[in-house]
Amino acid sequence: HYFIQSNLRMLIGRVAVNRTAMFCCDLQEKFRPSIRHFPAVLSNANRLLQSAKLLNIPLVVTEQYPKGLGNTCSELTIDHCAIKCPKSKFSMVVPEVKSYLEDHEARKSIVLFGIEAHVCVQQTALDLLSLGYDVHIIADATSSRTDTDRMLAFQRMRQAGAYLTTSESMILSLAGGSDHPQFKSLQNIIKTEAADTMLLPNVNL
């Protein structure tokens, strides 16, 4: 019965706080001038990060070659991260992260966002999907140097079985309803509408 319920939940992409982890991929200083819609991506990413802190959702942060590309952007709220690690591999699923997931096996839903959509985010999504996780790509907190690469990456990840959604949709999905004890605090986070990252009319719905 549990197995059937678990498979159905993954099939429809439902999330729950106690089954979710957030992955923040390579939102680093040196990318600031080159990534499309970067200020808006950071703003929307911070909504997710602040919500994760409120809801006690584990946060995994990676940095691609931080010695050359800098650290995670200072305006992002990552002081509560469960694990933060440098990497040279494009995918976030490096040994330290894989080990963390194995030690927290209840966390089967991964909320994934960052840069670049067609490289590190996409390879992370494919690795996680192959390991049996359900993966939720936060489209308005994920970008690339070009809109072409970004949009085709979204299509590729969706074809592979990932879910595409927005920061506000994910935050409210995790809350589940206005009766959640942290709802008012979450409402304050999303009170101002999400920054526009020009998903429409580009995204193929």
Going through the distances and angles, do Arg32 and Glu75 end up as a salt bridge (Lys or Arg N to Asp or Glu O under 4.0 Å)?
-> CA-CA 12 Å; Arg32 200 182 286 270; Glu75 60 262 52; 3.0 Å; yes

Shared ILVMFWY cluster between Leu128 and Phe90, side chains joined below 4.5 angstrom?
-> no

Counting only N and O atoms by type, is there a donor-acceptor contact under 3.5 Å from the side chain of His80 to the main-chain atoms of Ile57?
-> no

Between the side chains of Asp140 and Ser167, is a donor N or O closer than 3.5 angstrom to an acceptor N or O?
-> yes

Could you go step by step and tell me if Asp26 and Lys87 meet the salt bridge (Lys or Arg N to Asp or Glu O under 4.0 Å) rule?
-> CA-CA 9 Å; Asp26 307 347; Lys87 64 183 178 69; 2.8 Å; yes

Check: Glu116 side chain, Arg145 main-chain N or O, donor-acceptor pair, under 3.5 Å = yes

Under 3.5 Å, side chain of Tyr133 to main-chain N/O of Ile110, donor-acceptor pair present?
-> no

Which atom pair, heavy atoms only, marks the closest approach of Val17 to Arg107?
-> O-NH1, 2.7 Å

Spell out, as yes or no, whether a donor-acceptor pair under 3.5 Å connects the side chain of Thr20 to the backbone of Ala16.
-> yes

Going through the distances and angles, do Ile115 and Gln64 end up as a side-chain contact (heavy atoms from CB on, under 4.5 Å)?
-> CA-CA 10 Å; Ile115 57 175; Gln64 184 74 20; over 6 Å; no

With Ser144, which of His118, Arg36, Gln122 fulfils side-chain hydrogen bond (donor to acceptor under 3.5 Å, both in side chains)?
-> His118

Work out which heavy atom in Leu129 is nearest to a heavy atom in Ala162; give both atom names and the distance.
-> CD1-N, 4.0 Å

Side chain to side chain contact (heavy atoms under 4.5 Å, CB included) test vs Val41 passes for just one of Asn46, Leu27, Thr142, namely Leu27

Are the side chain of Lys89 and the backbone N or O of Val94 linked by a donor-acceptor pair below 3.5 Å?
-> no

Spatial distance of atom CG (Leu54) from atom OG (Ser185) [nearest 0.5 Å] | 5.0 Å

Just by modelled atom types, is the Glu96 backbone N or O under 3.5 Å from a matching donor or acceptor in the Ser99 side chain?
-> no

Any donor-acceptor pair under 3.5 Å linking the side chain of Arg150 with the backbone of Ala139?
-> yes

Going by the side chain to side chain contact (heavy atoms under 4.5 Å, CB included) test, name the single residue among Val97, Thr62, Val111, Leu59 that passes it with Phe23.
-> Val97

May I have the step-by-step check of side-chain contact (heavy atoms from CB on, under 4.5 Å) for Met151 and Leu199, ending in yes or no?
-> CA-CA 8 Å; Met151 296 305 164; Leu199 284 169; 4.0 Å; yes

Could you walk me through whether Val15 and Arg19 pass side-chain contact (heavy atoms from CB on, under 4.5 Å), step by step?
-> CA-CA 7 Å; Val15 292; Arg19 295 192 300 265; over 6 Å; no

Shortest non-hydrogen contact between Ala125 and Ile137, atoms and distance | CB-CD1, 4.1 Å

Quick one: do the His37 and Ser143 side chains pair a donor with an acceptor below 3.5 Å?
-> no

Checking Glu63 side chain against Asn71 main chain: does a donor-acceptor pair fall under 3.5 Å?
-> no

How about Glu102: does its CD atom have over 12 heavy atoms from other parts shown lying under 6.0 Å from it?
-> yes

Where do Lys53 and Asp79 land on the side-chain contact (heavy atoms from CB on, under 4.5 Å) test, with the steps shown first?
-> CA-CA 9 Å; Lys53 186 173 184 177; Asp79 58 315; 2.8 Å; yes

Determine whether Val121 and Leu152 fall in the same hydrophobic cluster, where Ile, Leu, Val, Met, Phe, Trp and Tyr are linked whenever their side-chain heavy atoms lie under 4.5 Å apart.
-> no

Is Val119 linked to Ile35 within one hydrophobic cluster, defined over Ile, Leu, Val, Met, Phe, Trp and Tyr using a side-chain heavy-atom separation of less than 4.5 Å?
-> no

Determine whether Phe38 and Phe113 fall in the same hydrophobic cluster, where Ile, Leu, Val, Met, Phe, Trp and Tyr are linked whenever their side-chain heavy atoms lie under 4.5 Å apart.
-> yes

Which pair of non-hydrogen atoms, one from Ala52 and one from Met22, has the smallest distance, and what is that distance?
-> CB-SD, 3.7 Å

